[in-house]
Amino acid sequence: MSERQHFHPMAIAIYWLQLLRAWLFYIVIIIINGGIKERFGMITLLVIFIFSFVLAMIRYKTRSYTINADKIVIYHGVFRKKETDIPYERIQTIKQRQWFFLKPFNLIQILIETAGGKKDAAEGSLPAVDAGVLETLENFRYGRGQGESGQEVETTGQESTNRYRVTDGQIVLYGITDLSILASLAALVAFATEMIPDSWFTRVTITAENLYRLGWIVFLGAAFVLLILLILISLAKNFIQFYNFTVSRTNQTLTIESGLFERKVQKIPTNKIQGIRIRQQVLRKLLKISSVEIILAGGQETSGENNVPKKLYILPIVPDQLLYPTLARLIPEWEIHEPEMTFASYPSIWYFWRWHLLWLPVLVAGFIWNPFVGIALVLWIGFLFFYSWLDYRYQGYAIQTQTRVCIQNYQALTKVQTFIERPKIQAFSNHASKWLYNKKLGHSRLTLKTGLGSETIGLKFIKREDQETLKDFYLSY
């Protein structure tokens, strides 16, 4: 397949959707402010749609690709012609996506990511190609002949050994215990505060005051309705993301598939895994279920202005009794087993709570200004103290083998265990202030390469002997 190829015409639709998504913020603002009822607003929306479609057509006409035995080349550009050469040995991960409108045509989108690629986009993108192109890429990538297949013939026994599938019932359980929906609600409220017309907020405020006057029962009923609405939103979000989630192991490659409207497939060589992280927030701890993600040095999607790596789950939800046996089947080379933690916090919780005490004058001022503000501050300060207590109570480490350490701490209301192999640790440091040093206390930090950046994992206010134990582990060969 060394001849130059254009993408399938359905690539125009994908380019168009991508461009419209870039304009989505302005489209929403126009709609919210009633622009669709006015001629200027309608003309503006029409111009955005037509302009985006023209750009999509130009992209389709000016982009093509070739697949050779040693590399894939992607051509793009109008006035400045560019060629992106991606040798197969540089490829970190290959992702396959299939929107529902591509499935009838047996088309897929292929995203090729390398360890040195861009932070906000895949280095190579084939937006709409025949599904057979992926097999051709994989054959060349792993040195197989173009007619050979890399798929193993699976029997029932092999499928149960090398595959884990998330059921619909597990997705429901995941959705109703997903506390991240609260962060999404806070972001939505912040957006609404800035962008939604004041008249809308006036109506909401009047409605809330009327409910409050009707009594606590009505007010709590409204809160219950809001809770149900949040749960439904969470269920919809998680079904769209994790529907028919399947992770399987073939030779030295993990394949992760998921998605309702857009089917995503990601192939990850096991030697690219930098670390393994087990998450269990407080509600899931009661239900004895956990989530497992893997950390990659590259090829990991990012979000936000700081390009924070998104969580890449291999087990979004798994019962605790199946956690370690399933990991042993999927990534046996890591030999993950339940850690025996050394809880390293200093006996006094004062060091974890002291800075939160500065909120107490703010709390008093809040009650003086408005009782509702005071109640909100009580909940916030209570959360801070509870979170710090969890971190104080459960942070620790476990040196499982001569080359693997597990660091445990709390992030918000989630217990996080990060398993790291010593060769994957980029740097290690012990540090302490003058006052902590005199008390033989300090902090330890391990730096791990994640995505295209790095991440620091640490333990706070731990005894010096624990610091030295971690240092000896890092320096031992």
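Counting begins at 1 with the first residue of the sequence.
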Next item on the list: Give the ring-plane orientation class for H8 versus F105, where under 30° counts as parallel, over 60° as perpendicular and anything between as tilted.
Entry: tilted
Next item on the list: Among Y410, F352, Y387, find the residue that satisfies the ring-ring contact (aromatic ring centres under 6.0 Å, His included) test when tested with Y394.
Entry: Y410
Margin query: Please evaluate residues Y243 and F261 with respect to the criterion ring pair (Phe, Tyr, Trp, His ring centres under 6.0 Å), reporting the C-alpha separation (whole Å), side-chain torsions for both, the decisive distance (0.1 Å), and the verdict.
Written below: CA-CA 9 Å; Y243 177 74; F261 300 115; 9.4 Å; no
Next item on the list: Measure from the ring center of Y324 to the ring center of H337 and say whether it is less than 6.0 Å.
Entry: no
Next item on the list: Say whether, by atom type as modelled, one donor and one acceptor occur between the side chain of S388 and the main chain of L384 under 3.5 angstrom.
Entry: yes
Item checked: Q417 versus R279, side-chain donor and acceptor atoms under 3.5 Å -> no
Next item on the list: Verify the distance criterion only: is there a donor paired with an acceptor across the side chains of N162 and R329 at less than 3.5 Å?
Entry: no
Notebook entry, point to check: Closest heavy-atom contact between S444 and Q467?
Noted result: OG-CG, 3.3 Å
Item checked: Flag for T414-Q281: side-chain donor and acceptor within less than 3.5 Å -> no
Next item on the list: Check Y313 against F245 and note the closest heavy-atom contact, atom names and distance.
Entry: O-CZ, 3.4 Å
Checklist line | Residues, nucleotides or ligands: over 12 heavy atoms within 6.0 Å of Q402 CD | finding: no
Next item on the list: Measure the CD1-OG1 distance between I420 and T418 for me, rounded to the nearest 0.5 Å.
Entry: 6.0 Å
Check: Under 3.5 Å, is there a donor-acceptor pair between the side chain of S291 and the main chain of P316?
Finding: yes
Note to self: Quick one, Y65 with V73, criterion side chain to side chain contact (heavy atoms under 4.5 Å, CB included). Give me CA distance, side-chain angles, the key distance, then yes/no.
What the structure shows: CA-CA 6 Å; Y65 69 99; V73 184; over 6 Å; no
Item checked: Which atom of I74 lies closest to which atom of S125, heavy atoms considered -> CD1-N, 3.6 Å
Check: Under 30°, 30 to 60°, or over 60°: which ring-plane class applies to H443 and F461, parallel, tilted or perpendicular?
Finding: perpendicular
Check: In Å, rounded to the nearest 0.5 Å, how long is the span from CG of L470 to CG of L446?
Finding: 6.5 Å
Check: If only atom types and distance count, is the side chain of Y392 paired as donor or acceptor with the main-chain N or O of P347 below 3.5 Å?
Finding: yes
Notebook entry, point to check: Any chance the side chains of S345 and Q395 put a donor and an acceptor closer than 3.5 Å?
Noted result: yes
Item checked: Enclosure of E468 CD (heavy-atom neighbours >12, cutoff 6.0 Å) -> yes
Next item on the list: Please test I72 against L126 for side chain to side chain contact (heavy atoms under 4.5 Å, CB included), starting from the C-alpha separation and ending with a verdict.
Entry: CA-CA 11 Å; I72 178 172; L126 310 181; 3.9 Å; yes
Checklist line | Distance in Å, L363 CG paired with W380 CH2, rounded so as to fall on 0.5 Å steps | finding: 13.5 Å
Check: Is there a side-chain contact between I314 and I331, using heavy atoms and a 4.5 Å cut-off?
Finding: yes
Check: Taking all non-hydrogen atoms of both residues, which atom of Y88 and which atom of N68 are closest, and how far apart?
Finding: OH-O, 2.6 Å
Check: Step by step, would you call I94 with E138 a side chain to side chain contact (heavy atoms under 4.5 Å, CB included)?
Finding: CA-CA 9 Å; I94 294 180; E138 294 288 0; 4.0 Å; yes
Checklist line | Check against salt bridge (Lys or Arg N to Asp or Glu O under 4.0 Å), R404 and E421 | finding: CA-CA 4 Å; R404 185 173 67 249; E421 289 289 330; 3.5 Å; yes
Next item on the list: Give, for atom CD of Q109 and atom CZ of F7, the distance between the pair rounded to the nearest 0.5 Å.
Entry: 10.0 Å
Item checked: Euclidean distance, K267 NZ relative to T255 OG1, rounded to 0.5 Å -> 3.5 Å
Note to self: Any non-hydrogen side-chain atom of Q170 less than 4.5 Å from a side-chain atom of N238?
What the structure shows: no
Check: So do L475 and F428 actually touch side chain to side chain, heavy atoms under 4.5 Å?
Finding: no
Check: For R284, which of D178, L173, I317 qualifies under side chain to side chain contact (heavy atoms under 4.5 Å, CB included)?
Finding: D178
Item checked: Close side-chain approach of T253 and R249, heavy atoms under 4.5 Å -> no
Next item on the list: Consider only side-chain N and O atoms of R59 and H76, and report whether a donor and an acceptor are under 3.5 Å apart.
Entry: no
Margin query: Atom CZ of residue position R21 - does it have more than 12 heavy atoms of other residues, nucleotides or ligands inside 6.0 Å?
Written below: no
Check: Just wondering, do Y351 and K439 contact through their side chains at under 4.5 Å, heavy atoms?
Finding: yes
Check: Looking at Y474, is R422 sitting on its ring face, NZ or CZ under 6.0 Å from the six-membered ring centre and within 45 degrees of the normal?
Finding: no
Item checked: side chain to side chain contact (heavy atoms under 4.5 Å, CB included) between Q400 and F419, intermediate numbers included -> CA-CA 9 Å; Q400 292 193 297; F419 296 81; 3.2 Å; yes
Notebook entry, point to check: Roughly how far, to the nearest 0.5 Å, is CG of L260 from CG of N244?
Noted result: 10.0 Å
Next item on the list: For residues L107 and W99, determine if any side-chain heavy atom of one lies less than 4.5 Å from a side-chain heavy atom of the other.
Entry: no
Notebook entry, point to check: So, for I407 and G458, which heavy atoms are closest and what is the spacing to 0.1 Å?
Noted result: CG2-O, 4.5 Å
Margin query: I'd like to know if the side chain of Q280 pairs up with that of D320 as donor and acceptor (distance under 3.5 Å, no hydrogens or angles considered).
Written below: yes
Next item on the list: Decide salt bridge (Lys or Arg N to Asp or Glu O under 4.0 Å) for E455 and R277; before the verdict, give the C-alpha distance in whole Å, the side-chain angles of both, and the deciding distance to 0.1 Å.
Entry: CA-CA 13 Å; E455 177 183 350; R277 184 170 283 155; 2.8 Å; yes
Check: Would you say R354's side chain and W350's backbone share a donor-acceptor pair under 3.5 angstrom?
Finding: no
Notebook entry, point to check: Does the side chain of D466 pick up a donor-acceptor pair with the side chain of Y397 at under 3.5 Å?
Noted result: yes
Checklist line | Shortest non-hydrogen contact from F239 toward D168 | finding: CZ-O, 3.8 Å
Item checked: Modelled atom types, side-chain donor and acceptor of E333 and T270, under 3.5 Å -> yes
Next item on the list: Answer yes or no on whether R464 is positioned over the face of Y437, meaning its NZ or CZ is under 6.0 Å from the six-membered ring centre and within 45° of the axis.
Entry: yes
Notebook entry, point to check: Looking at side-chain heavy atoms only, is the closest gap between W334 and I273 below 4.5 Å?
Noted result: yes
Notebook entry, point to check: Is there side-chain contact between V166 and I171, with at least one heavy-atom pair below 4.5 Å?
Noted result: yes
